[in-house]
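Small disclaimer: the values here were computed from a predicted structure and weren't measured. All heavy atoms count here, side chains included; hydrogens, waters and symmetry mates do not.
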Amino acid sequence: MMRAFFTFLSLCFCLSVSAQVTVNFIPELNGRNVQGLLGFQLINPNGPVRVRATIIVSERVAGTVIRIRTPEFTAAPGNNTIPEAAVTGASVEFSADKTGNMIARTRMLPQGDYDYCYNIRSVNSDMPAEDQCFAYTLEPFADMNLIEPYNRDTICDKRPVMTWQPLLPAVPGASYQLVLSEVKKGQSPTEALNYNLPVLNQRDLFAPVLPYPAIAPELVTGKKYAWQVTAYKEQTILSRSEVWSFVMNCRDSVKKAPDSGESYRDVEDLARGNLYVARGVLRFGIGNPYGEQPMKFRVHPADDPSGNIKGMGEHQLKNGYNYVIIDLAENGRFRDGKYYIMEITLPNGVIRTLRFRYEEVKN
């Protein structure tokens, strides 16, 4: 009787331990293509065990679209990635409908509501393994566009603030890599990024903005540069921007107001990326071919695109060319040496983005 009771306890313990082998799968990262479905981990707190994996992917409307079976492999104690032999030896079946045929052709999963179910079965035991399922609404990534410096533009800031659109939909734990290279004579911007030693190669950026690093060499007047941003998580690339280029070249376009010795930067020239240093006061010229109307604008820190500095006042535009003065020092919200961006909506509806650096006036 005691022996039978001990055998029963041992059997219960084995079943409990076996159930502790779990699957770690990240749908937003690995649920987008067929290859990624085999990028799961097995967490095994016990001794080595021989297992087989069956993966069933279902979409809410289309039903089951993929079924994958791996050959047997050993799950060692701890975290296990799937051995290469099990990945290459896996059998993959696609549904015979439109969705399955598209996945078989492209190896990519289309937009939809998915369940990713993993069944891990021990080879040396008849014990059933419970399915572990992961639900995820898969949406394609939006194009990750660069913002500033503008493509094929000419700028004057030797340490520009570089900005781009964030990864959408967002992936928790994702980060960005920005690469900037000089474009040599006869090269395309893409060739420059592929073959030249980068001027900047910044990884682990968690915001879609990079103020030019103080330790990096400043950009050189007269040279052309190419840049690109990549979104990634761990070692997986999620999205990549186009390659943009710009030229570093300072140009002067200063206008003088009538009956005044003060100089004003033209709004069109500033929109091309030329640097403006605002020493307490922002002076610029703007043309208005229409009737009198208020100037529409907002100002925000370069590293905070969603910000909005209050107390900028109202400014009326008359017909013709206008000379505008904005007292920044009086506002009290600007910080010495910090970069800011002014967005002006011109009378014809065109939006100009003007970057400037604020400097306090020293007494």
Within one Ile-Leu-Val-Met-Phe-Trp-Tyr cluster: Val179 and Tyr212, side-chain cutoff 4.5 Å: no
Hydrophobic cluster identity match, Tyr176 and Leu200, side-chain contacts under 4.5 Å: yes
Asn151 side chain to Glu242 side chain, donor-acceptor N/O pair below 3.5 angstrom: no
Any side-chain heavy-atom pair of Trp227 and Val243 under 4.5 Å: no
Main-chain N/O of Glu28 paired to Arg32 side chain as donor or acceptor, under 3.5 Å: yes
Of Trp244, Tyr225, Phe246, the residue whose pairing with Pro149 passes side-chain contact (heavy atoms from CB on, under 4.5 Å): Phe246
Closest non-hydrogen atom pair between Pro189 and Val183, with its separation: CA-CG2, 4.2 Å
Verdict with supporting geometry, Glu359 and Arg279, salt bridge (charged side-chain N to carboxylate O under 4.0 Å, His left out): CA-CA 5 Å; Glu359 290 187 2; Arg279 295 179 175 86; 3.5 Å; yes
Hydrophobic cluster identity match, Leu328 and Ile341, side-chain contacts under 4.5 Å: no
Ion pair check, Arg69 and Glu93, cut-off under 4.0 Å: yes
Check: Asn322 and Met295 side chains under 4.5 Å, non-hydrogen atoms: no
Close side-chain approach of Thr54 and Arg121, heavy atoms under 4.5 Å: no
pair Phe73-Ile82: side-chain heavy atoms closer than 4.5 Å: yes
Donor-acceptor pair between Thr99 and Asp97 side chains, under 3.5 angstrom: no
Contact check, side chains of Gln228 and Thr190, non-hydrogen atoms, under 4.5 Å: no
Residue among Phe134, Tyr114, Tyr136 satisfying ring-ring contact (aromatic ring centres under 6.0 Å, His included) with Phe25: Phe134
Connected via hydrophobic side-chain network under 4.5 Å: Val220 and Met162: yes
Leu205 side chain near Ser175 side chain, heavy-atom distance below 4.5 Å: no
Verdict with supporting geometry, Thr230 and Arg240, side-chain hydrogen bond (donor to acceptor under 3.5 Å, both in side chains): CA-CA 4 Å; Thr230 301; Arg240 181 169 278 155; 3.0 Å; yes
Flag for Tyr340-Asp304: side-chain donor and acceptor within less than 3.5 Å: no
Linked, directly or transitively: Ile56 and Val23 (ILVMFWY side chains, under 4.5 Å): no
Within 45° cone and under 6.0 Å: Arg203 NZ/CZ vs Tyr232 ring: yes
salt_bridge(Glu72, Arg52) N-O dist < 4.0 Å: yes
Minimum side-chain heavy-atom gap Lys310-Asn308 below 4.5 Å: yes
Beyond-backbone contact of Val171 with Ile26, side-chain heavy atoms, under 4.5 angstrom: no
